Structure formats: C-alpha cells, structure tokens
Amino acid sequence: MAPQKIAEILIRHIPADHPAIEKTEIAGPGFINFFIAPAAWHPVLKEIFEKDQAYGFSNTGNGQKVQIEFVSANPTGPLHVGHGRGAIVGDSVAALLTACGYDVYREYYINDAGRQIQTLGLSVFLRCRQLDGQAVDFPEDCYQGDYIQDIAKAVKDKQGDWISTVSQEEAVGFCATFAADRMIITIREVLNTLGIRFDNWYSEQALVSSGKVEAVIEKFKDQGFIYEKDDALWFKTEAFGDEKDRVVVRNNGQSTYFASDIAYHRDKLDRGFDRIIDVWGADHHGYIPRIRAAITASGKDEKQFVVILTQLVNLLRKGVPVSMGKRSGHFVTLEEVIDEVGKDAVRFIFLTRHYDSPLDFDLEVAKQKTNDNPVYYVQYVHARISSILKKARDENNITDTAYSTDAVTRITEPEEIRLIKHLARYPETLAAAAEFMEPHRVAFYLMDLAADFHAYYNKHRVLTDDPDLTAGRLVLVLGIQKVIRNGLTLLGVSAPDAM
RNA sequence: GCGCCUGUAGCUCAGCUGGAUAGAGCAACGGACUUCUAAUCCGUAGGUCGCAGGUUCGAGUCCUGCCAGGCGUACCA
C-alpha cells in the first residue's frame with residue numbers, strides 16, 4: 001500500500017477533538033504532521049520548575065556501576081592541551097552518566113613505577129649536580145623541560161647536600177619519588193582549576209607492591225597465555241586478535257607497563273564494575289587490542305571494557321601551530337592555556353567537537369568574546385535572564401516568580417512555543433549524550449537553545465504593561481535559565497548572572 | 001604494507017543512531033541600539049556531503065573499492 005494511503009487511514013483514526021492535537025495533515029511522501037496545541041506544551045514548564053536542578057536527569061543507567069579512568073598522564077611532566085581534552089571529555093562523560101542514573105567512579109591511574117620514572121629521577125639528579133657546579137652530560141632521552149630544574153632546586157632546598165653524600169642509585173631513587181609526587185600535586189592543581197576531581201588516584205607502584213602484577217603473570221604462565229622467548233616473557237595477545245604478541249617482562253627482568261596494565265584492568269573488573277571506560281588519546285589506539293586480550297584472557301567479558309579515543313589537539317595561535325612535545329624543551333602547558341583563555345572557554349571549546357574529530361585549538365580565537373567562541377553566547381543567555389529578573393524586582397516590584405498555571409496560559413507566541421518545545425527536548429538530549437558518551441551533544445543543544453532565546457529576546461519584551469503576560473513570560477524565561485544552567489553545570493561551565 | 005580516525009558552504013564544525021527542500025557560527029554584503037546587557041538580532045549570498053559502485057520505497061548516515069590527510073604499527077608509554 002502506498003505510504004500516502006496508509007497515512008490517510010491512520011489519520012482517520014485520530015480523534016478530531018483531542019485537546020493536545022490542533023490538527024493533522026499529510027505531507028510529502030506519506031508523513032503525518034501533528035500540530036500540537038500550544039497549551040499542551042505548557043506542562044513542560046511546570047516540570048522544569050518542579051524538578052529544577054534535576055530536570056533532564058533520568059534513570060536509564062539504573063544504578064549500574066561504571067568506572068571511568070581518564071587523564072592518567074605520567075607524572076613526568078606538566079599536562080598539555082591534549083591531556084586537557086581527555087580530562088574534560090572524561091569529566092563530562094562522567095557527569096552525564098551520573099545524571100542518567102549510573103553509579104560512576106572516577107579514577108586517575110598514576111604511572112609512578114617503571115622506566116619513565118627512573119628517567120625522571122635521573123633528569124632531576126643530573127640537574128642537581130649542575131646546580132652544584134659540576135659539568136655533566138645531560139642525555140637527550142632525559143626530560144629537557146625547565147620544570148626539571150625547578151624540581152632540582154626544590155630537592156636542594158629540602159635536602160641540601162644530602163644527595164652528594166649517598167650513592168647515585170639512592171639519590172636518583174629519591175629524586176624520582178620526590179619529582180613524581182611533586183608532579184602529581186601540580187597535575188591535581190591544574191585539574192582542580194578545571195573543576196575536575198577524582199574518586200581515586202590509583203598508584204601503579206602500589207599495584208606492583210601488592211603483588212598483583214606478579215600474580216597475574218604467574219597465573220597466565222600456568223594457563224599458557226605467557227611464554228618465554230629470547231629471555232623475555234611474552235603474552236599471546238595475537239591469539240586474541242592483536243597484531244603480534246607483546247612483551248610483559250623484558251630480558252633485563254624489568255616488567256613493562258603492559259604487565260601493570262593487565263593487572264590493573266583485571267583489578268578494575270574484580271572490583272565489581274559493570275562497565276569500565278578508558279579515555280585515551282588517539283595515539284594510544286594501538287593499545288586497545290592488547291588490553292582486550294588481557295581482559296578476555298582473564299575470563300572477563302571484553303564488552304564491559306570501553307575506550308573513548310580523543311583525537312589529537314593542534315594548538316595554534318592565529319592559525320600558526322604552536323610546538324608541542326614533552327621531551328623537547330619548550331611546550332605550552334595546559335595550565336598556561338587555562339590562564340590565558342579561562343576555564344569556561346577551554347572546557348566549552350573542547351566540548352563543541354565530537355571527541356572523534358581532530359581539534360584545532362586557536363588561542364587567539366579562544367580568547368575572543370564573540371560568536372567565534374560560543375561559550376559566551378550561551379552564558380549570555382543566563383546573564384540576560386538574570387538581568388531581566390533583577391529589573392523585575394527592582395523596578396517592577398515583582399517578587400513572585402513561582403510557576404503559575406494561569407500565567408503560563410499567556411504563553412502563545414510562536415517563538416515562545418518553539419522555545420518550550422526546545423526545553424522539552426533537553427531530557428532526551430541528555431539521555432542520548434549519556435548513551436553514546438558524547439557530551440558535545442549537550443553543548444550543541446545549548447547553543448541552539450541560546451539562539452532561540454536571543455531571537456525571542458530581540459523580538460518580544462518580557463516585562464510588559466500587562467502583569468499577567470509578564471508573569472507568564474517570566475516563567476518561560478526562568479525555565480530557559482534553569483535548563484541553560486543545568487546544561488552548563490553538566491559541562492563544568494559556569495552560569496554567570498552578569499557579564 | 002597493515003590498523004584506527006577524519007573528509008559536509010571560502011574557514012571551523014553539527015547533522016538526534018536511514019526519512020521531507022543538508023544546518024549553525026565565522027568570513028562577505030545589506031539592515032536593527034532614546035525600550036529587560038548590541039558578548040545580541042533580522043536579511044542576502046554561499047553545497048555534485050572526497051570519488052565510484054552497491055543495499056533500500058528512500059543514503060551525508062549502512063556495505064565494498066579507491067583517493068587525500070592525521071595517528072599508530074618497540075623488550076617506550
């Protein structure tokens with residue numbers, strides 16, 4: 001049967017006197033358009049007022065336990081913008097899942113064991129010697145950044161000449177721990193300025209000390225997943241779909257990071273999480289098959305393991321690339337970027353792209369307070385509405401801005417109905433954003449809502465000579481403000497009352 | 001070579017898990033501030049959705065191949 005025909009039959013069964021349906025019509029190749037009566041939209045505002053800060057929340061997660069591990073940058077240097085993207089995406093995904101009824105646990109895995117930390121210790125140690133006036137070769141594979149010298153100075157301040165009185169091994173060990181602790185504190189501070197906090201900072205060193213790494217290697221050996229070749233221990237990841245087998249213990253006896261990661265991911269699932277999410281930079285994507293292999297070999301369901309790969313960030317200034325790179329001396333840190341452009345702009349920019357798209361982050365654009373930089377466009381809605389409320393109080397003596405069914409019947413303008421429809425879509429936007437773990441959906445929702453509001457603001461006045469109309473419009477505008485605030489809060493962006 | 005990601009307006013990006021005439025911002029052009037903040041709004045112009053096939057009543061969206069760019073392909077992380 002032709003779609004048109006089906007539509008005609010369907011439409012005959014729709015009651016003509018239904019209060020919510022003004023009219024229906026058949027359009028195009030068989031679409032039925034329902035024209036909803038304006039009054040049918042009014043209850044949306046009531047719901048927003050009743051639920052307020054929880055408007056949009058749901059329980060689709062049904063209390064499922066989710067662990068999300070993000071940032072997890074090595075404590076061998078300051079965070080850069082790439083870490084920032086992972087941090088902000090991870091944090092917002094965590095917030096979204098929480099809003100949708102998941103029981104979310106945020107974790108930062110600290111690589112405070114292994115070779116990189118030894119290199120960090122050596123770097124600091126050598127800089128200490130230089131401070132003592134000794135001529136030393138500073139190897140290329142040591143950390144070159146200025147922060148190493150700052151740490152070296154701090155070591156000297158704290159320990160004086162102690163490091164020259166002990167063996168190099170002991171001195172380097174001390175420097176390693178000292179520097180890593182200090183870097184973690186710095187990293188934590190920067191993340192705090194972004195409004196990011198973790199439930200747990202999980203130490204690799206502690207994992208190693210607990211014996212869990214050794215235990216899993218032994219277990220996998222017994223199960224035949226790990227074998228010896230060329231004096232090293234290899235994990236049969238290829239059998240689980242990886243390109244090749246991977247080393248877990250090197251021929252010098254040192255275990256690799258992968259060995260710890262096997263134990264770590266097993267441990268995550270042992271802790272009873274229904275889902276574990278890792279947020280990684282795209283440059284780590286080759287790591288996914290081996291972690292999956294480890295999970296499957298552990299007898300767990302690899303479907304519980306999800307990776308969000310954030311594509312790389314190109315830092316620009318006026319279109320010109322700014323060099324980045326941890327080992328070369330100079331790079332712009334995340335902290336410097338936040339200082340320059342502000343936390344809200346940094347967060348919003350990272351969230352106005354799908355994490356799967358590469359991102360050009362231009363420092364000059366990020367500072368502009370124009371529509372190039374939509375964070376202000378959205379915040380301006382909140383500030384404008386606050387301003388209206390202030391004026392309502394100060395000059396119109398309106399103190400009662402509670403929801404009123406009577407007042408709301410005056411909301412009939414097409415722009416107003418359009419706005420309420422938009423507000424009604426907020427909950428499903430959140431649900432979809434959480435389901436797909438795509439916080440950018442919320443950012444785009446807010447920009448769209450902001451556009452509708454600004455257009456409305458320019459066309460209609462909220463404070464009018466008609467008290468009932470004014471009361472109705474205040475309810476509408478307050479509803480918009482609540483949703484804007486809720487959305488921005490979820491994205492970790494402030495909702496200012498004045499700009 | 002192989003693997004992952006990307007390719008939509010001059011630029012930066014969306015496109016709600018296959019539906020009507022593909023959207024927004026910036027840039028360009030023309031308008032709107034004695035009125036709740038012009039960090040705003042209104043209008044004009046701008047597209048062979050990388051290319052070629054395929055599936056479907058219907059494809060920017062799914063499949064295959066190709067092209068271009070990014071990343072990865074260590075007994076580094």
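All of these numbers come straight from a predicted model, not from anything done at the bench. Numbered from 1 within each chain, the chains take letters A, B, ... in sequence-line order. Below, all heavy atoms of this structure are taken into account, side chains as well, without hydrogens, waters or symmetry copies.
The CE atom of A:Met447 lies 5.5 Å from the OG1 atom of A:Thr352; values are rounded to the nearest 0.5 Å. Rounding to the nearest 0.5 Å places CD1 of A:Ile187 at 7.5 Å from CG of A:Leu191.
For residues 468-480 of chain A, proximity to RNA chain B is found at no residue, defined as any non-hydrogen atom under 4.0 angstrom from a strand atom.
Rounded to whole Å, the separation between the P atoms of B:G18 and B:A32 comes to 46 Å. Comparing B:C11 with B:U56, their P atoms are spaced 36 Å from each other, to the whole Å. Rounded to whole Å, the C1' atom of B:G60 lies 12 Å from the corresponding atom of B:G23. Here the separation of B:C26 from B:U48, taken at their C1' atoms, is 25 Å to the nearest Å. Comparing the P positions of B:A9 and B:U61 gives a spacing of 15 Å, expressed to the nearest Å.
At whole-Å resolution of the value, CZ in A:Phe436 and P in B:G15 are 11 Å apart. When rounded to the nearest whole Å, the span between CG of A:Asn314 and P of B:G69 equals 16 Å. Following rounding to the nearest Å, A:Gln368 (CD) and B:U12 (C1') show an atom-to-atom distance of 13 Å. Note: CD (A:Glu243) to C1' (B:C71) measures 13 Å, nearest angstrom. If you take CG of A:Asp356 and P of B:G15, they are 11 Å apart, rounded to a whole angstrom. Across the protein-nucleic acid pair, A:His354 atom NE2 and B:G70 atom P stand 21 Å apart, rounded to whole Å. In this structure, the CD atom of A:Glu364 is 22 Å from the P atom of B:C11, given to the nearest Å. Atom pair A:Ile288:CD1 and B:U73:P shows a separation of 13 Å (rounding to whole Å applied).
Here the options are A:Asn314, A:Leu316, A:Val337, the test is side-chain contact (heavy atoms from CB on, under 4.5 Å), and the partner is A:Phe361; only A:Val337 passes.
Heavy atoms of A:Asn33 sit under 4.0 angstrom from at least one base atom. A:Lys244 comes within 4.0 angstrom of the backbone, heavy atoms only, and of no base. When heavy atoms are screened at a 4.0 angstrom cut-off, A:Glu435 is found touching base atoms of the nucleic acid. Base engagement by A:Ala232 is indicated by at least one non-hydrogen atom pair under 4.0 Å involving a base atom. Contact annotation for A:His382: no contact, since no heavy-atom pair falls under 4.0 Å across all strands. Within 4.0 Å (heavy atoms only), A:Asn111 reaches sugar-phosphate atoms of the nucleic acid but no base atom.
Taking syn as a glycosidic angle within 90° of 0, B:C5 does not qualify and is anti.
Ranked by how close their nearest RNA chain B nucleotide is to the 5' end, A:Leu312 and A:Asp245 are led by A:Leu312. Where A:Ile32 and A:Lys391 each meet RNA chain B at their nearest nucleotide, the meeting point lying more 5' is that of A:Ile32.
The nucleotide B:A20 finds no pairing partner, because no Watson-Crick or G-U wobble arrangement with both distances shorter than 3.5 Å includes it. When both distances must be under 3.5 Å, the Watson-Crick or G-U wobble mate of B:G3 is B:C71. For B:U56, there is no paired base (Watson-Crick or G-U wobble, both distances below 3.5 Å). Pairing for B:C66 goes to B:G50, judged as Watson-Crick or G-U wobble with the two contacts each under 3.5 Å. The partner of B:C36, taking Watson-Crick or G-U wobble pairs whose two distances both stay under 3.5 Å, does not exist in any strand shown. Across all strands shown, B:G25 pairs with B:C11; the Watson-Crick or G-U wobble distances both stay below 3.5 Å.
If you check B:C36, B:A14, B:C13 against the side chain of A:Asp360, the one that comes closest is B:C13. Taking only side-chain atoms of A:Phe444, from C-beta outward, the nucleotide of B:A74, B:U35, B:C13 with the closest atom is B:C13.
Cation-pi geometry between A:Lys221 and A:Tyr227 is not met at under 6.0 angstrom from the ring centre and within 45 degrees of the axis.
Put simply, the side chain of A:Leu488 reaches to within 4.5 Å of the side chain of A:Gln379, judged on heavy atoms. Put simply, the side chain of A:Pro289 does not reach to within 4.5 Å of the side chain of A:Phe240, judged on heavy atoms.
Side-chain N/O atoms of A:His284 include none lying less than 4.0 angstrom from OP1 or OP2 on B:C4. Close to B:U6, at under 4.0 Å from its OP1 or OP2, lies no side-chain N or O of A:Arg353. The side chain of A:Ser255 places no N or O atom within less than 4.0 Å of a non-bridging phosphate oxygen (OP1 or OP2) of B:C75.
A distance-only check finds no donor-acceptor pair linking the side chain of A:Asp468 to the backbone of A:Ala407 [under 3.5 Å]. Under the 3.5 Å distance criterion, the side-chain polar atoms of A:Tyr147 are matched with a main-chain donor or acceptor of A:Thr76.
Judged by distance alone with a 3.5 Å cut-off, a donor-acceptor contact links the side chain of A:Arg425 to the base of B:C16. For a distance-only test at 3.5 Å, the side chain of A:Asn251 qualifies as a donor-acceptor partner of the base of B:C75.
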Q: Apply the test ring pair (Phe, Tyr, Trp, His ring centres under 6.0 Å) to residues A:Tyr108 and A:Tyr202: give CA-CA distance (whole Å), side-chain angles for both, the deciding distance (0.1 Å), then the verdict.
A: CA-CA 6 Å; A:Tyr108 186 119; A:Tyr202 193 106; over 10 Å; no
Q | Under 4.0 Å protein heavy-atom contacts per nucleotide of nucleotides 39-45 of chain B, with B for base, S for backbone only and - for none | A | BBSS---
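For A:Tyr445 and A:His422, the ring centers sit closer than 6.0 Å to each other.
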Identify every side-chain donor-acceptor pair in residues 425-441 of chain A under 3.5 Å, counting partners at least two apart or on other chains, and give the distances.
| residue | atom | partner | partner atom | Å |
| --- | --- | --- | --- | --- |
| A:Arg425 | NE | A:Glu428 | OE2 | 3.1 |
| A:Arg425 | NH2 | A:Glu428 | OE2 | 3.1 |
| A:Tyr426 | OH | A:Gly487 | N | 3.4 |
| A:Thr429 | OG1 | A:Arg425 | O | 2.8 |
| A:Glu438 | OE1 | A:Arg441 | NE | 2.7 |
| A:Glu438 | OE1 | A:Arg441 | NH2 | 2.9 |

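Counting non-hydrogen atoms of neighbouring residues, nucleotides and ligands closer than 6.0 angstrom, the NZ atom of A:Lys367 exceeds 12 such neighbours.
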